[in-house]
Amino acid sequence: MLYPGSLTSAYYTVTNNTSSPRYGYTLQGLPGTVKQNTNGSNCSNPINLQPKAQCLLQLDITNAVHSNFALCSGSSCTSAALPLNIVLSTVPPTMVLAGDSTDTPTPLVAQSADGGLTWSYPVLPLDITSGSFNGVSCQGAICVAAGSNELTSPGSPLIAQSSDDGLNWTYPVLPTNVTAGFFNSINCQGTVCVAVGENDTTTPSPLVAQSVDGGLVWTYPELPGNVVSGHLNSVSCSGNFCVAAGSNDYDASPLIAQSTNNGLTWTYPALPNSVSSGYFNDVTCKGTFCVAVGVNDAASMALIAQSYDGGLTWAYPSLPAVDQSSLRRVSCSGTYCVASGTYGLFFGFPLIAQSANGGRNWSYPTLPVPEVPQGTLRSVSCSGLLCIAAGENDLLGGAPLIIRSDDGGFTWSYPVLPDSITSGYFNTANCSGQTCIAAGTVGPVNGEPFVAQSADGGMTWIYPTLPENLGRFNGTNNT
């Protein structure tokens, strides 16, 4: 399913089954809305393969397509095993938000079936009366939220699962070998879901949970023993690859965990030794291309890591020198990647990092002047060339802030927001085609959950009315 204005990708494995090299193979029969993505370790164009070698063919799709295609060398062609079949959606996307209700506090979920115009709070099971969700991920009709059950002290990991687009929820029983801890992030691909966070049963250490049935049954995969203290802040899965990112607290260094089998087993790949201390806040993977962002504490500046082989090996691309900078979230669409955060020692200012070539090179686009406020951009979401970043404007005493780009993050503008909200901030943002939402909390003390919605790619925004509640939203869909 593809929403108008967005981009999706199809992946094929190309294998040379012969004993001779094969050179100069090109794709034939692709419509104009389908482009080969040669980023990283993807198949080149033309495709050249040594005997028995293979490569990953990534096709970026921007419109409905129903056709087969072939790989050809001269008049000799081999058709794809499966044709392209992408349907353009004619209905608004379903949106799901997760967070906590601060009046109790209890876990909180909100659901919209019309692209964020109207919202409801589904009733959660009553057996968890204290806790919070830090993230939520939806795949088809399956939604899974992850966070912490605070019924006991210290809290324990918490998962909620829905099989009907977030209307009805249950709390699956988790394995009993982790009695204390929490989840920071959740990601679902098909029926495979992976949640990551911190295991506080003994010494605080990285925690991973995995489900292969859409979040109904969970296991805690055993992690390598060479990281004895740390936590994982984010996880992203693509195909069979999963990558989680966080911090090795034993030596205060950045940490990556990687899986090649849908989160069943994990390793800690070696990172370049040029960054001695720091951490990752977020990671995203598309095909075998992954980007992690965070903070290089040793240099007091932002940190970006990139991988082109599903997280097995990593490099730190060069960044412009911006002192006291940090990156909180990252989003990629095609070869474009945008990360959001803040910079500045005494007063923070919004920061955007942008790459147009699959993470090889990065720049900090200049944001509009004199409109640049003090503040931070807590979240970013890209769909096609459209990107939305959201956070708070500290210059106005903590008012909600949104900026948008329609050229993959090269240039940015500040859309005018309704003036009815003067205190609050956005924690999370999500775009599906031209439909975008940003969500967080509004109000100075014990704020209320808060959503902004746009149906035209972030040019104009409204604040939909929510059912009365106290609390905040921490995540939407895959953020």
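Side chains included, hydrogens not; waters and symmetry mates left out as well; all remaining heavy atoms used.
- A donor-acceptor contact closer than 3.5 angstrom is absent between the side chains of Ser277 and Asp297.
- With hydrogens and angles left out, the side-chain atoms of Gln28 and Thr26 include a donor and acceptor closer than 3.5 Å.
- Rounded to the nearest 0.5 angstrom, Leu271 CG and Trp314 CH2 are separated by 8.0 Å.
- Checking Asp309 against Ser307 by side-chain atom types alone, a donor-acceptor pair falls below 3.5 Å.
- In this structure, Arg378 fails the cation-pi test against Phe426, since its NZ or CZ atom is not both closer than 6.0 Å to the six-membered ring centre and inside 45 degrees of the ring normal.
- Of all the heavy atoms in Cys188 and Val144, the pair that sits closest is SG-CG2, 3.9 Å.
- Across all non-hydrogen atoms, the minimal contact from Cys143 to Val96 is SG-CG2, 3.9 Å.
- A donor-acceptor pair shorter than 3.5 Å can be found between the side chains of His231 and Asp249.
- Here the CD1-CD1 distance, from Ile352 to Ile403, works out to 4.0 Å after rounding to the nearest 0.5 Å.
- By the 6.0 Å and 45° rule, Arg360 stacks over the aromatic ring of Tyr308.
- Side-chain contact check for Thr94 and Asp165: no donor-acceptor pair (N or O, by modelled atom type) lies under 3.5 Å.
- Asn357 and Ser355 share a donor-acceptor pair across their side chains, judged by distance under 3.5 Å alone.
- Side-chain atoms of Thr38 and Asn42 include no donor-acceptor pair closer than 3.5 Å.
- In this structure, Phe133 has its ring center at least 6.0 angstrom away from the ring center of Phe182.
- Among residues two or more places apart in sequence or in another chain, the side chain to side chain donor-acceptor pair (under 3.5 Å) test is passed with Thr265 by Asn261.
- Cysteines Cys431 and Cys382 have SG atoms no closer than 2.5 angstrom.
- In this structure, CG in Leu7 is found 11.0 Å from OH in Tyr336, a value given to the nearest 0.5 Å.
- Counting only N and O atoms by type, the side chains of Thr18 and Asn16 include a donor and acceptor under 3.5 Å apart.
- Residues Ser162 and Asp164 bring a donor and an acceptor atom of their side chains to less than 3.5 Å of each other.
- In this structure a side-chain-to-backbone donor-acceptor pair under 3.5 Å is present from Gln453 to Gly115.
- Using a cutoff of 4.0 Å between basic side-chain nitrogens and carboxylate oxygens, Asp282 and Arg328 are not scored as salt-bridged.
- In this structure, SG on Cys337 lies 4.0 Å from CZ on Phe289, to the nearest 0.5 angstrom.
- Remark: side-chain polar atoms of Tyr12 are paired, donor with acceptor, to backbone N or O of Leu82 under 3.5 angstrom.
- Smallest separation of non-hydrogen atoms from Ser211 and Gly215: OG-N, 2.9 Å.
- Side-chain N/O atoms of Gln161 and Ser163 include a donor and acceptor closer than 3.5 Å.
- Cys237 pairs with Cys242 as a disulfide, the SG atoms being under 2.5 Å apart.
- Leu2 CG to Thr62 OG1: the interatomic distance, rounded to the nearest 0.5 Å, is 7.5 Å.
- Between the CG atom of Leu158 and the CG atom of Asn149 there is a distance of 5.5 Å, given to the nearest 0.5 Å.
- At most 12 non-hydrogen atoms from other residues, nucleotides or ligands lie less than 6.0 angstrom from CG of Asn273.
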